[in-house]
Every structure is written in structure tokens, then in C-alpha cells.
Number of protein chains: 2
Amino acid sequence: MGVTTKDLARICGVSRATITRALYGTGSIKEETKRMILDTAKELGYQPDLMARSLVMGKSRMIGTVVVDLRNQYFPKMIDAIEKRTKESSYMLNISLHEDDKEEEKRLIRAMVGYHADGLILNCINKDADFEKMLGQLGIPYVILGYRVFKNSHTVGVDEYEATYKGVNFILEKGYKEIIFVVPPLYDEDGIPNIGHADRKRGFEDAAGKSGCRYTVMYGDDYLEQALDYMRTKAESRPAFFCSGDTFAGEMINCFSKNGYRLPDDYGLMGYDCVSFYQNFSPKLTTVDNHVEQMGYEAANMLIDMIEGRDVPQNIKIPVDIVEGQTL
Amino acid sequence: MGVTTKDLARICGVSRATITRALYGTGSIKEETKRMILDTAKELGYQPDLMARSLVMGKSRMIGTVVVDLRNQYFPKMIDAIEKRTKESSYMLNISLHEDDKEEEKRLIRAMVGYHADGLILNCINKDADFEKMLGQLGIPYVILGYRVFKNSHTVGVDEYEATYKGVNFILEKGYKEIIFVVPPLYDEDGIPNIGHADRKRGFEDAAGKSGCRYTVMYGDDYLEQALDYMRTKAESRPAFFCSGDTFAGEMINCFSKNGYRLPDDYGLMGYDCVSFYQNFSPKLTTVDNHVEQMGYEAANMLIDMIEGRDVPQNIKIPVDIVEGQTL
DNA sequence: TTGTAGGCGTTATCAG
DNA sequence: CTGATAACGCCTACAA
């Protein structure tokens, strides 16, 4: 690859050890030779081979992150924040995408270890014991994003239960007497529960049940039809729909508006995720802000602490906030 | 770091060379010892050290990409596509973000080279001759995204000129008699022109000028006020606004709707970029689809061809399309 | 079929 | 202050 210390040594007429001393100020060296070496290094455009360095140091100052994809704003926002934190400590961030493929996720994690990543930030879709064991054997620290998948892993996430609990109470305070919670399927194709949405649902049911209001939960891909049907045949008062994701909420606005239902006169709507997009659009969506940037930042922070040998809590919960828009 | 070939050699009672032969099928080896070695390798969870391998091979099967950030959907979409292509040839993609910081961009590029990236995909903000020289000295191939910054670099982009030209004609066909082109500043703070937007503007002016319609260009951060002012005092007919970016178009819809202007009865609107978001929302935005996924895919494809020593064209232009929505 | 030796570019240790 | 020498984990001759 380009110029090496060996080349420099030959050209400057000194040993490789002296070159190192000049470049990194370790040990003592004559000011004159140092200057000479630095000058020629600069002139020849010497760039250290970070791989070779990592090989001998056992550290790479590289942090790996493996997430599903960048399709909606969730991970892009989070990664921007992770990036900010890693940059502060001059780590390089290596992002890769598993595209919802479990084997690919494992491959990527192994590759990251193979490239000597000092630590990993993961959005893992594998949830079985084998995978947990694999993580444990990695030999480097890792932080899981979102919610607690494994008891013994470090996690940064939001308290989904509390979040929906809060959300329901916010809706009730606005005077609504019936609430429909809209969630995607609670189980993946392979029957493993989607912990996040399941927690949200529990929070919803507990809060709604406790209040004595009328409530129901709506699952499935045809939720738009279900929701329309609800409006036409089941609603007793002006209902509020609480969508477990801003994207669903966006689709509902669209669909309902086409069917002549006006917001917030005919129904109320609350989202979840606070995807910036819907915040710039009118009507501005009332939603649960789960502070993805903060999550990313804290995850990176936690990981760096672990890499550098500092004590960290095992779990960090990011508190959520309700962002009031014009849809309730 | 975990188990090495050295460990395996010791445990299996053979030399390191034999281990390599067993693992990668080079040279001949007794079936029995091979099986034995593979079994213990699996049992002990041997993972090759990719850095060490890269060091000796001079190739890393890693492609680096340096882009500004992941804030809007432009780069996330493109990166998803890049990722798809790199995965097809089993390269690992290393994404990093320069956050609009010129020095950081250089640092990251150097770091990628330091990590033995086999090639780079860049969204570069540095545009001076020094930077071009630096790129030339990298020793690895690279592809620039967007538009042709440097004559001698390989580029994948869209023909911005033709795109706006097409856009204008589309607007005219809809019967509009006056068109306002809305662009961000054409020069960066340091006085270097933003080539993409400049090309778009030229395309706009040429097409509009040729048609003999009434037209003007609107710059600056206060474009919303300028646009409102135009509506109130200057418009002679129902004008069409052609925004050099869907985001601007989104903001215009919002602002105009608050001021009582209805779409498309009071004005027409055309965007640029085809950010999916606006495509799911109503009114669906009529916009120029510059096919960012295709751009990403082609860029990765071109780079891989270069890495693997195949001939490639120096420039690839992705054709644009007009996506008809409900705003014209 | 297998083992030995050398090198990739770096850093660390120990002599000189 | 400086120079050998060894090591990190891997691969590729070449020799046995």
C-alpha cells in the first residue's frame, strides 16, 4: 500500500524504531532527526497502516454497528447520534446492515470481530439462546438497542410499557372515551414475540383497563379496513386511535381523509416514534417521542465506557415524552 | 483475540500450514486430518482474523463509503442500494459520516485507506485541486456520487440539467404560464459553487427561456416569504413552483396551506428527489425521481468492477423520470 | 501429504 | 539517543 515505516527508515537512513519514535513521540529522540523524519514523512504522504497497528495493538479504535436497514428514519437518526458520540472519542464507526436476515446478522457480527472492532452496537433480530451464547463468546463488549432481549446483555432502550401507559392517560385527559390501539403482529414469522410491541400493548391495556374507558386492540395488515369498519359500525363516541408507530398513523390520516373523516373533529390520533417528517407536516401529529437520538448517544457512550474499562449500568432507560400536535 | 491457527496447530498436533490447507482447501491434505482440523476448529469457534488476512493479502473485501449524514432520506436510500450490491459480491460495506466537515472527510478517507478498504464511494464536499490530488494518490479506486466534481474521477450521477429541463416542459404541458424555480444558495460558504443545483438552474432557465413563458428563480433561506410575496403581488396567473428538493416543496405546501392557498387550485407544485415520504402522503407530490437507489447500485457496481480489474465507463448518468402526483 | 521459513506493517522490549 | 529483534495472525512459497 503506500509509504511504510520501512521505506521511511531506508530513505532517512535510520531504523524503523526511530521512525516510530519520531511519529508518536514515545521514547526520546534527537530533535533534529525527528524533524527530518517528520518532514520526509509528510512529503511522501506517509499514512499509518491501521490494520497492522490494530494487529499488534489488539485495539482498532473502530466500533461496529449492525442494524436492519436505513429505510425509515428510526436508525438513520439513531446512527447520526451514535456517530456523534464515537467521533467525540475519536473512534471510527463502521455501520452495516443485516436486512432482516438472521444469518446475515451473525455473519456481520463475526466480520466485525474479524476486523477487530473494539465493541458493537446491535439491533438484533436473533433472539435465541444460541445467539446469546455467541454474543457472550465474542470477546468484545456490545450494547443492544431498543429493548432487553437478553438478561445478561447491556441494553439501551425506552420503557415501552410506561410510554403507552403515559400515552393513554394523555388521550384520556383530552376527553376521549374510547381508544383503539393499532399494532403490527406481536409475533415474528418464527413465532418469537416482538418484545417492544408486546410491551406497548401491555401498557396500553393496563392503562385503558384501569381507567374504565372503552378500548380495543387492532392487529394485522388490514388494520386500515378494520379501522374504517370500526368508525362505521362500532364507534359510540369520537374515538382515539393510538398507533404503535408514526408510519401507521400517517397511513391512517391518509386513508381516513379519503373516506371523509376529518381530524380531529371525527376522530383523534396519536402516533409513536416521533419521526421528524410528520412533525413538519400539517396536521402535526401528536406522538410519543422516544428520543432515538438520545438512545443512540447513550448506547455509544455506554459502549465506549465498557471498551475503556469503566463501570456502566446494565440497562439504560430513556424516558419518553408526549409531543403535542394537532391530532387529538 | 479468540482462537488462532497457531492454537489449532498446537491442539491438533500439526503445523500452521496444514491448518490453512484444511480451512481453505488449497494444496492437498489427507481427508482424515482435514476432518479432524475442521471439527476442532468448529468446536473451538475459530474465526479468521480478517485484519491479519488483509495485511498479508493486500485486499480486505471491504468497501468504504463516506457521506455527509443520514438526516434526510437521500443517502439512507442510496446506501441501502449500495449495500445490496456489495453484498452480492460479498464485500463488507463500511459507512461513515463526515457531517459536512471538510477536514473530517479527508480524515475518514485516509482512515478507510488505513483500514485497507478495497475501494471508496464518496459524496465529497471537498472540491479543490489538493483534494483531487489526494484522491489520485490513494492507491485504490473510488467512485463519486451525484455529479462530476473532478474531470478524471469516476462518477455516477443524474443529468441535473436535463432533469429540470424535462420538469419544466412537464409543467408547461399542464398549461401553466409562469414558473418559479426555488433553489438553495448556489455557492457554499467558501464560495465554491454547488454544481448540482447550478446545473438544475441552468436547465430550468434554458427550458423556461426557450418556451417564452414567464419565469423567475428564487434563492435564499427566506424563500417561503418570497413565495408568499410572489403570490400576493406578482402572480399574473396560477403559477407553478418548481422546488429543487422535495423538502422545500413539503415546507411550501405547509406554509401555503396555512396562508389559505390550496393545491392545485391556487398554485402548482413540483418537487425534486422523490423522497418516499411525500409519496405516501396526500396530496401526493409531483416530483422528479432521480432514482437514488439505482444511483447507489450503479456506483457500487462500478466500483466493484474497478476493484476487480474490469473496464468501466468514467461516467454513468442515471436517467430521471417525472412522477406524477396531485400537485400540478 | 506435511513442515519450515519468510514476510505483510506495525509496536514493544531490550541492548548498545 | 538509537538499533536489533520479536511479536500480532495470516498466507505462500519451497523443502522434506
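In what follows, every chain begins at residue 1, and chains take the letters A, B, ... in the order their sequences are listed.
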In chain order, what residues pass the salt bridge (Lys or Arg N to Asp or Glu O under 4.0 Å) check against R16(B), with sequence neighbours excluded? none
Would you indicate what T33(B) reaches in the nucleic acid, counting non-hydrogen atoms under 4.0 angstrom: base, sugar-phosphate, or nothing? sugar-phosphate
Report yes if a side-chain nitrogen or oxygen of S28(A) is closer than 4.0 Å to either non-bridging phosphate oxygen (OP1 or OP2) of dC1(D); otherwise report no. yes
K59(B) NZ to dG9(C) C1', straight-line distance once rounded to whole Å: 17 Å
Taking NZ from K30(A) and P from dG3(D), how many angstroms apart are they, rounded to a whole number? 10 Å
With sequence neighbours excluded, residues passing salt bridge (Lys or Arg N to Asp or Glu O under 4.0 Å) with E105(B): none
Nearest whole angstrom, please: distance from the P of dT1(C) to the CD of E32(B). 12 Å
Going 5' to 3' through nucleotides 10-16 of chain D, assign each nucleotide B (protein heavy atom under 4.0 Å from a base atom), S (under 4.0 Å only from sugar-phosphate atoms) or - (no protein heavy atom that close). BB-----
With sequence neighbours excluded, what pairs up with Y142(B) under the side chain to side chain donor-acceptor pair (under 3.5 Å) test? S153(B)
For I29(A), report the nucleic acid contact type (base, sugar-phosphate, nothing); a contact means any heavy atom under 4.0 Å. sugar-phosphate
Contacts of type salt bridge (Lys or Arg N to Asp or Glu O under 4.0 Å), residue D305(A), not counting sequence neighbours: R310(A)
Quick one: I37(B) CD1 to dT2(C) C1', roughly how many Å, whole number? 10 Å
Going by side chain to side chain donor-acceptor pair (under 3.5 Å), name the residues that satisfy it together with N72(B), two or more places apart in sequence or in a different chain. none
With the side chain counted from C-beta on, respond yes when K102(A) and F131(A) share a heavy-atom pair under 4.5 Å apart, and no when they do not. no
Whole-Å distance separating the CZ atom of R10(A) from the P atom of dG9(C): 12 Å
Partners passing side chain to side chain donor-acceptor pair (under 3.5 Å) against E298(A) (at least two apart in sequence or in another chain): none
Taking NE2 from H116(B) and C1' from dC8(D), how many angstroms apart are they, rounded to a whole number? 14 Å
Without decimals, in angstroms, what is the distance between D7(A) CG and dC8(C) C1'? 13 Å
Short side-chain N/O contact from T18(B) to OP1 or OP2 of dG3(C), under 4.0 Å: yes
What heavy-atom pair brings I29(A) and K34(A) nearest, and what distance separates the two atoms? CG2-CD, 4.0 Å
The bend of the helix from dT1(C)-dA16(D) to dG16(C)-dC1(D), taken between the axes of its five terminal pairs at each end and rounded to 10°, is 50°
In whole angstrom, what separates L55(A)'s CG from dT10(C)'s C1'? 8 Å
E293(B): salt bridge (Lys or Arg N to Asp or Glu O under 4.0 Å) partners, not counting sequence neighbours: K77(B)
